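Beneath this line is the structure, given in structure tokens, with notes to follow.
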Amino acid sequence: MTRSIALIDCNNFYVSCERVFNPQLVGKPVVVLSNNDGCVVARSNEVKAQGVRMGQPWFQLNNLAKQHGIVAYSSNYPLYADMSNRVMGMLATFSPDIEVYSIDECFLDFSGFKTQDLTLYSQHIRQKIKQWIGLPVCVGIGATKTLAKLANYLAKNNPEFNGVCNFSVMMPQQQNDWFSQIAVSEVWGIGRNLTPKLHQQGIHTVLDLKQANPASMRSRFSVIIEKTIREINGIVCIELEEMAAAKKQIVSSRSFGAPVSDLASLEQAVSLYVNCAVEKLRRQQSYASTLFVSIRTSPFNKKAAYYKNGLTIPLPMQTDNIKLLTKAALWGLRKIYRKGYKYQKAAVVLSELVSANNRQSDFFDSELSGCKSDKLMNIISKINAIMGKGTLKLASEGYRQPWKLRQSNKSSSYTTNWNELIHVTK
DNA sequence: ATCACGGTTTGCA
DNA sequence: CTAACGTGCAAACCGTGAT
């Protein structure tokens, strides 16, 4: 049976979220910046038209921003996460089979639905999400996830589709016409490194890739590209994954708001990152076997000396205990710390994760795995979940945090914090 | 010659 | 006033020592 898979993608998601609560921004050039107000991570159409690239450092855009009056927001992740949950919750009512792919994208399996009805059904979905949440979305439909992604790309970039492109009702010849107009780099899984290599092979458009030989492309590149080619030809190789698989590795890394030289500040930052990683670890009910801690100076600063180092620490037992993990991380940090450098970033990685039911119990079952501290951990997690992140924390995180993120223009957390709701009326 | 390993780099979104 | 460039994950790769 031919499948029908839809990809629903929010337009310029972060920018659109800001516009919901600040409608004067509609029609104006708006960007949202990454952590530390470093790079552009979301652009309104007006900004894209100016040639601003995804991931471009904000400081490089000073002149252009002044010239065109570009409004820049610091990223407000609590707001975007909450808006995303609302969208996903609504989408789940339109099909029983759903994969939340990213904060702004979602696959719905419409297999078994009448393909002729899907375009109208998708228009209905768009209209409801606009009406109830305020966000604009586009829908792409195809026989595979890769085709759904491509259909979505067409829906986004060609007004004649009115936000919905359905390959399932399109003639093959017409599909190929579109494919011949889309650059191969737009295909899901074809990134900036594969693109020039494909160009060398004479593959420039999606149609070129569709007609390439999957087997020989596999031997030349990888199995990934073989799957991609087959998917463009309508053969499902990438299944819908309704249950998010447990992560094999959990990373918490962040750049500092200002360079840091003293060990004490690094210790605070690393403690916070361990906290953050452990929250994720416990949410997926896993235990870590090793912890990796690393620090580095800025690779961009040519005037100051560069230094980076990291250390993998095997843990005496599989654990989710924040005290034990913090202790290990700080021990590692002190090993790799060198005086006299301006550090810009630290990271904590938990790996060799095992899920709760596969966990090996410790023969000696010491206090570390025992009930006492586990109970304390559970209580800390619960209180933080109810009262807000960071309500309770280990003292090693520190009270004043001069190294914390720069966020010079963050909007209010309108939907997740009562105290910030007031700003809506100001 | 081949494998398992760990650590590092690459690639992608 | 100046300097200022993200994060998270997995797969691929690569050197090493063991078999």
Side-chain angles (χ1 to χ4, degrees), chain A residues 7 9-10 13-14 31-42 52-63 65 72 74-75 77 80-81 100-107 145-146 149 152-153 184-198 218 220-228 238 241 244-259 273 276-277 279-281 283-284 286 289-294 296-304 306 308-314 336 342 344-353 405-408:
Chain A
L7 177 72
D9 192 318
C10 300
F13 181 57
Y14 298 168
V31 298
V32 174
L33 305 177
S34 67
N35 277 342
N36 259 323
D37 296 342
C39 300
V40 173
V41 291
V52 174
R53 296 192 321 278
M54 184 67 171
Q56 204 167 352
W58 175 235
F59 73 90
Q60 290 176 359
L61 296 169
N62 261 341
N63 292 336
S74 305
S75 38
Y77 287 108
Y80 311 147
V100 176
Y101 176 67
S102 74
I103 194 163
D104 74 322
E105 283 174 72
C106 176
F107 290 103
K145 285 170 51 165
T146 306
K149 276 249 177 198
N152 190 282
Y153 172 83
V184 70
S185 57
E186 298 299 337
V187 175
W188 192 31
I190 307 297
R192 63 177 182 278
N193 289 21
L194 218 39
T195 300
K197 291 177 191 163
L198 291 177
R218 176 188 187 144
R220 200 187 300 274
F221 297 101
S222 72
V223 65
I224 314 269
I225 202 163
E226 180 190 15
K227 286 185 180 179
T228 299
I238 306 170
E241 284 166 29
K247 308 252 179 289
K248 297 171 184 176
Q249 171 186 75
I250 289 171
V251 178
S252 177
S253 76
R254 209 119 315 176
S255 304
F256 307 135
Y273 301 171
C276 176
E279 283 297 323
K280 291 187 204 170
L281 185 71
R283 224 175 293 140
Q284 72 167 35
S286 293
S289 312
T290 63
L291 180 148
F292 174 78
V293 58
S294 69
R296 68 162 168 77
T297 62
S298 169
F300 302 105
N301 187 347
K302 301 296 174 214
K303 288 171 218 156
Y306 182 66
K308 78 157 187 174
N309 207 349
L311 191 62
T312 302
I313 302 157
I336 58 179
K342 291 177 169 182
Q344 186 236 12
K345 183 174 188 170
V348 169
V349 184
L350 304 179
S351 51
E352 292 179 53
L353 308 186
L405 291 180
R406 259 196 319 269
Q407 296 183 316
S408 61

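We name chains A, B, ... by the order of the sequence lines, and we start the count at 1 in each one. Since this is a predicted model, take the numbers as computed values, not measurements. Any value given below was found using the heavy atoms of this structure, including those in side chains, with hydrogens, waters and symmetry copies removed.
Heavy-atom contacts from other residues, nucleotides or ligands closer than 6.0 Å to CG of A/N63 number 12 or fewer. Within 6.0 Å of atom NZ in A/K280, more than 12 heavy atoms from other residues, nucleotides or ligands are found, so the atom counts as buried in its surroundings. A/K227 NZ: 12 or fewer foreign heavy atoms inside a 6.0 Å radius.
OP1 or OP2 of C/dT7 lies within a sub-4.0 Å distance of a side-chain N or O belonging to A/K345. A close approach under 4.0 Å does occur between a side-chain nitrogen or oxygen of A/S255 and OP1 or OP2 of C/dG6. Side-chain nitrogen and oxygen atoms of A/S222 include none within less than 4.0 Å of the OP1 or OP2 phosphate oxygen of C/dA11. Using a 4.0 Å cut-off, no side-chain N or O of A/Q344 falls inside it from OP1 or OP2 of C/dA3. Remark: A/K280 is in phosphate contact with C/dG8, judged by side-chain N or O atoms under 4.0 Å from OP1 or OP2. Note on A/T312: a side-chain N or O is less than 4.0 Å away from OP1 or OP2 of B/dG7. OP1 or OP2 of C/dC5 has not a single side-chain nitrogen or oxygen of A/N36 nearer than 4.0 Å.
Across the protein-nucleic acid pair, A/L194 atom CG and C/dA10 atom P stand 20 Å apart, rounded to whole Å. The distance between atom CZ of A/F59 and atom C1' of C/dG6, rounded to the nearest whole Å, is 13 Å. Separating the CD1 atom of A/I238 from the P atom of B/dC12 is a distance of 13 Å, rounded to the nearest angstrom. Atom C1' of nucleotide C/dG6 and atom OH of A/Y14 are separated by 11 Å, given to the nearest angstrom. At whole-Å resolution of the value, CD in A/E105 and P in B/dC12 are 16 Å apart. Nucleotide C/dC5 holds its P atom 16 Å from the CZ atom of A/R254, rounded to whole Å. The distance between atom CD1 of A/I103 and atom P of C/dT7, rounded to the nearest whole Å, is 15 Å. Atom pair A/N35:CG and C/dC5:C1' shows a separation of 13 Å (rounding to whole Å applied).
With DNA chain C read from its 5' end, the first of the two nearest nucleotides for A/K247 and A/N62 is the one closest to A/N62. Both A/N301 and A/A246 lie close to DNA chain C; mapped to their nearest nucleotides by heavy-atom distance, the more 5′-ward contact belongs to A/N301.
Cation-pi geometry between A/K145 and A/F107 is met: the NZ or CZ atom falls under 6.0 Å from the ring centre, inside 45° of the normal.
Which of C/dA12, C/dT7, C/dC5 sits closest to the side chain of A/V223 comes down to C/dA12. For A/I224, the listed nucleotide lying nearest its side chain is C/dA11; candidates were C/dC5, C/dA11, C/dA10. Comparing C/dG6, C/dA4, B/dC12 by their closest approach to the side chain of A/R192 singles out B/dC12. With C/dC9, B/dC12, C/dG8 as the candidates, the nucleotide lying closest to the side chain of A/S253 is C/dG8. Side chain of A/W188, nearest nucleotide from C/dT7, C/dA3, B/dA13: B/dA13. For A/K248, whose side chain is taken as the heavy atoms from C-beta onward, the closest listed nucleotide among C/dC5, C/dA3, C/dA10 is C/dA10. Among B/dA13, C/dC9, C/dA4, the nucleotide with an atom closest to any side-chain atom of A/Y101 is B/dA13. Nearest to the side chain of A/K308, among B/dT9, C/dC5, C/dA11, sits B/dT9. Minimum atom distance to the side chain of A/V251 is reached by C/dG8, of the listed C/dG6, C/dC5, C/dG8. If you check B/dA13, C/dA10, C/dC5 against the side chain of A/Q249, the one that comes closest is C/dA10.
As judged by a 4.0 angstrom heavy-atom cut-off over every strand, A/I250 is placed among residues touching the sugar-phosphate backbone only. Looking at heavy-atom distances under 4.0 Å, A/G55 makes no contact with the nucleic acid at all. When heavy atoms are screened at a 4.0 angstrom cut-off, A/D37 is found touching no nucleic acid atom at all. Residue A/D104 is out of contact with every strand shown, counting any heavy-atom pair closer than 4.0 Å. Contacts of A/S102 with the nucleic acid, taken as non-hydrogen atoms under 4.0 Å apart, are absent.
Using bins of under 30°, 30° to 60° and over 60° for the plane-to-plane angle, the ring pair A/Y273/A/F256 lands in the parallel bin.
Here the side chains of A/Y306 and A/R296 are in contact, with some heavy-atom distance below 4.5 Å. A/R53 has its side chain out of reach of A/V40: every pair of non-hydrogen atoms, C-beta onward, lies at least 4.5 Å apart.
Taking the six-membered ring for Trp and the full ring otherwise, A/Y14 and A/Y77 have centroids separated by under 6.0 Å.
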Watson-Crick and G-U pairing of DNA chain C written in dot-bracket, each distance under 3.5 angstrom, with | for inter-strand partners | ......|||||||||||||
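Donor-acceptor pairing under 3.5 Å is recorded for the side chains of A/D37 and A/S408.
A side chain to side chain contact (heavy atoms under 4.5 Å, CB included) with A/F292 is found for exactly one of A/I313, A/V348, A/L350, A/V349, namely A/V349.
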